[in-house]
Amino acid sequence: MNKPSSLLCQQKNFTLSLLKSPHKISTLNHLKSLHLHLIRTGLNHSNYAIGNFITRCACLGLMSYAHQLFDKMLQPNSFVWNTLIRGYQQNQLPKHTLYCFDQMRVNNVQPDRFTYPFVIRACSDLHEFEKGKGFHGQVFKIGVNLDVFVGTKLIEFYTTMGDLNMTKRVFEGMKDKDEVTWYAMLSSYVNIFNDMGKARDLFEKIPCKDVVIWHTMILGCVKAGELEAAKEYFDRAPVKDLLMYNTILGCLAKNGEVECLLRFFREMTCRDLVSWNTVIGGVVRDGRINEAMRLFYEMQRVNLSPNDVTLASLLSACAQAGALDTGKRLHSYIDRRGSELNAVIGTALLDMYCKCGDLETAADVFNKMSERDVVAWSAMIMGSSMNGQSRTALNFFYRMKDESERPNDATILGVLSACVHAGLVDEGRMCFYGMSEEFGLTPKLEHYGCMVDLLGRAGLLDDAYNLIQSMPYEPHTGSWGALLGACKIHGNVELAEKAIEHLIQLDLDDGGYLAIMSNIYANAGRWEDVSKIRKLMKEKGIGKSRGISSIEVNGVIHEFGVQEKKHTQAREIYDMIDEIYRRLKRAGHVASTREVFFDVEEEEKEKALFFHSEKMAVAFGLIATDKTAIIRVVKNLRICPDCHAAMKLISASFEREIVIRDRHRFHHFKNGFCSCRDYW
């Protein structure tokens with residue numbers, strides 16, 4: 001016996017209400033239950049009901065289930081077909097979208113303005129240019145080409161295909177344009193065709209500019225390197241969201257305008273993690289680690305937890321500045337979080353310890369990492385190499401191969417650097433000539449530069465020169481510079497002159513190479529040639545880079561230049577320099593003055609040497625740190641021979657361990673000896 005019609009009507013209304021309530025249909029079981037209701041009420045043949053059911057399936061990513069029900073319909077109308085086509089496209093299944101469209105035509109159902117936007121988008125996704133043009137022809141025939149939705153999708157299609165002329169033709173042919181249409185055209189100029197001139201002209205014509213439009217222009221200017229224009233558009237925008245603020249923050253950080261960056265950041269009433277990371281990254285790139293740490297502590301005070309990007313940026317700053325104490329505090333914070341050391345944070349930590357000269361802790365971090373990728377292995381190898389532990393670096397490399405981790409270019413560079421620092425010529429040759437055969441890696445310029453350095457330092461100058469001559473690339477400054485440095489070590493003036501000739505052609509603005517050549521002439525007693533080099537440097541306005549050394553004391557970075565008196569404890573520092581001078585004299589130290597300007601009196605040369613930046617930093621370390629603490633100094637240039645000899649004696653006389661990181665490597669001074677064994 002049939003149910004009363006009123007009860008059936010109620011059930012139908014209930015089923016339709018469920019179809020209209022997406023929050024009540026969130027699982028496959030919900031769909032199956034609803035499907036049962038459709039069958040019981042006879043709505044399984046209703047175009048309206050099935051169309052809405054397909055919509056619910058699409059929201060859950062269950063298009064195969066939707067298609068099964070669709071196939072059981074006797075005569076689905078265009079609404080149902082369009083819903084099925086839209087569902088496939090929304091689920092990023094463009095091939096299924098086009099197949100359904102073809103089946104729709106086979107079943108003599110006429111596509112309409114609701115069909116074509118999705119099939120045109122499918123052609124964009126599949127880069128089906130000819131098929132997309134065919135659909136353009138169809139919409140023109142049925143008269144829906146001027147529809148705002150269809151037209152907008154055609155603009156996006158031709159933009160994706162890189163056809164600017166057709167993009168403009170479609171846009172200009174549209175009578176009605178909404179915000180999405182204007183955005184599509186503006187985005188094509190900004191993001192695809194890189195024409196900011198056309199973008200600016202179009203922008204001024206847009207009748208109603210929303211936040212998205214303003215943001216597109218700001219991002220476009222940043223992308224084009226027009227940072228001032230980006231700031232101007234930001235200032236003009238009537239409404240500003242957080243994304244716009246963060247874009248300008250990024251713009252200021254990229255441009256190195258750190259003071260403006262900090263001021264802009266302080267003026268922001270709302271900040272998210274991206275804001276904090278951007279400003280911290282900006283001050284880190286500017287070398288202002290003290291400021292970066294202040295921001296880190298402030299970030300915690302406002303109850304915002306830093307993420308891996310924040311921590312990696314700060315650890316990078318500690319690595320650059322040699323700020324071990326600050327790096328250790330960050331490590332303690334990471335440990336308190338209680339999470340495992342992933343590849344990103346683990347690598348940043350071990351890199352920081354390596355670059356601060358604490359290789360033992362770096363190795364401990366490396367061994368505790370839950371996952372180690374090739375970047376972590378390479379950092380450990382390079383870190384060991386920098387610290388003069390060449391055999392340790394090679395052992396890590398052998399261990400890496402045993403654990404089936406494939407090395408990359410950076411790994412091989414680290415191994416070659418280790419060989420350079422210890423004079424391991426045979427091992428270096430084996431690695432260099434085996435990298436292609438064993439690992440399928442082609443030696444780059446940097447690898448050739450390392451080999452030239454290795455051979456040259458070992459006194460194999462002819463081999464080094466021949467390697468440069470046989471390079472498959474145009475030799476770069478690194479290769480010729482390495483040869484020049486080797487010539488200085490071994491006093492080969494003739495070959496040095498060949499190297500400097502090439503270096504002048506490649507990079508005349510680098511005064512460092514000319515200074516080395518001047519010292520080579522000075523060591524050979526060729527003062528007339530020294531004078532010529534100095535004159536050339538003066539004529540070209542080229543000078544030696546200013547030596548700067550830094551030391552961290554109680555979490556604060558202190559910087560020193562040659563003979564500077566800016567420090568608040570300058571008097572005590574100069575008194576300590578005098579004490580160091582007296583002790584070195586008693587120990588029999590004779591200042592190495594040959595590389596100081598030849599037209600200066602001998603006494604003045606010695607005085608200049610004693611106020612080199614690394615000696616100033618060490619003097620401060622002696623008066624400002626505990627007697628048991630290691631004095632750690634970072635110098636931006638290569639340590640000079642006199643300072644190297646002096647540091648060995650200072651470490652013995654004051655019974656202090658001194659670690660100096662110059663631009664090439666670490667020197668660990670202890671009990672009158674250096675870790676480099678004077679091979680540097």
Side-chain angles (χ1 to χ4, degrees), residues 276-277 280-300 305-369 372 375-376 378-387 389 548-559 617 620-621 624-626 628-636 657-663 665-668:
W276 286 93
N277 284 344
I280 287 173
V283 297
V284 164
R285 280 191 292 277
D286 198 46
R288 296 165 63 165
I289 183 173
N290 296 333
E291 184 70 44
M293 289 306 297
R294 277 195 289 272
L295 287 164
F296 172 67
Y297 296 134
E298 184 182 342
M299 184 181 186
Q300 292 176 277
S305 298
N307 62 3
D308 286 357
V309 174
T310 323
L311 294 168
S313 181
L314 289 166
L315 288 168
S316 170
C318 293
Q320 291 170 29
L324 182 61
D325 292 342
T326 304
K328 284 181 175 178
R329 286 202 293 274
L330 287 169
H331 191 176
S332 296
Y333 172 83
I334 292 165
D335 285 343
R336 289 196 300 273
R337 293 197 312 178
S339 56
E340 289 186 338
L341 282 179
N342 60 34
V344 173
I345 294 301
T347 303
L349 265 175
L350 74 88
D351 184 60
M352 181 275 294
Y353 280 115
C354 284
K355 289 178 178 173
C356 289
D358 189 349
L359 202 58
E360 185 178 344
T361 307
D364 185 54
V365 169
F366 179 81
N367 291 325
K368 287 179 180 176
M369 287 173 65
R372 293 190 288 261
V375 180
S378 299
M380 199 65 233
I381 291 168
M382 184 60 84
S384 301
S385 168
M386 283 178 59
N387 280 274
Q389 300 297 318
I548 299 174
S549 294
S550 63
I551 180 172
E552 181 192 34
V553 176
N554 297 325
V556 178
I557 304 298
H558 299 262
E559 285 192 348
F620 177 64
T625 62
D626 186 81
T628 60
I630 299 173
I631 297 173
R632 301 178 187 275
V633 174
V634 175
K635 185 177 182 182
N636 66 326
E657 186 174 348
I658 301 169
V659 178
I660 294 183
R661 187 183 91 199
D662 69 12
R663 68 185 298 177
R665 62 171 298 163
F666 276 90
H667 296 271
H668 294 253

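These numbers were taken from a predicted model, which means no experiment stands behind them.
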Over all atoms of both residues, closest heavy-atom pair of [X] and [Y]:
X	Y	result
Arg372	Phe366	NH1-O, 3.0 Å
Ala323	Ile289	CB-CD1, 3.6 Å
Ala376	Thr347	CB-OG1, 3.4 Å
Gly621	Ile631	C-CD1, 3.9 Å
His668	Gly357	CE1-O, 3.3 Å
Cys318	Leu330	SG-CD1, 3.9 Å

Nearest-0.5 Å distance, [atom1] of residue [X] to [atom2] of residue [Y]:
X	Y	atom1	atom2	result
Ser305	Tyr333	OG	OH	5.0 Å
Asn636	Arg661	CG	CZ	10.5 Å
Ile630	Glu657	CD1	CD	4.0 Å
Thr326	Leu315	OG1	CG	10.5 Å
Thr361	Met352	OG1	CE	8.5 Å
His331	Leu349	NE2	CG	5.0 Å

Sub-3.5 Å donor-acceptor pair from the side chain of [X] to the main-chain atoms of [Y], do we have one?
X	Y	answer
Asp351	Ala379	no
Arg632	Cys356	yes
Ser384	Met380	yes
Gln320	Gly287	no
Glu552	Leu324	yes

Heavy atoms, side chains only, cut-off 4.5 Å: are [X] and [Y] in contact?
X	Y	answer
Lys328	Asp358	yes
Met386	Cys354	no
Ile280	Met299	yes
Asp364	Tyr353	no
Arg329	Phe296	no

Tell me whether the count of non-hydrogen atoms from other residues, nucleotides or ligands lying under 6.0 Å of CG in Asn554 goes above 12.
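For Asn554, atom CG is not crowded (no more than 12 foreign heavy atoms under 6.0 Å).
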Scan the side chains in residues 307-314 for donor-acceptor partners under 3.5 Å anywhere in the protein, sequence neighbours excluded, and list what turns up.
residue: Asn307; atom: OD1; partner: Asn277; partner atom: ND2; Å: 3.2
residue: Asn307; atom: OD1; partner: Val309; partner atom: N; Å: 3.1
residue: Asn307; atom: OD1; partner: Thr310; partner atom: N; Å: 3.0
residue: Asn307; atom: OD1; partner: Thr310; partner atom: OG1; Å: 2.8
residue: Asp308; atom: OD1; partner: Arg337; partner atom: NH2; Å: 3.4
residue: Asp308; atom: OD2; partner: Asn342; partner atom: ND2; Å: 2.9
residue: Thr310; atom: OG1; partner: Asn277; partner atom: OD1; Å: 2.4
residue: Thr310; atom: OG1; partner: Asn307; partner atom: N; Å: 3.1

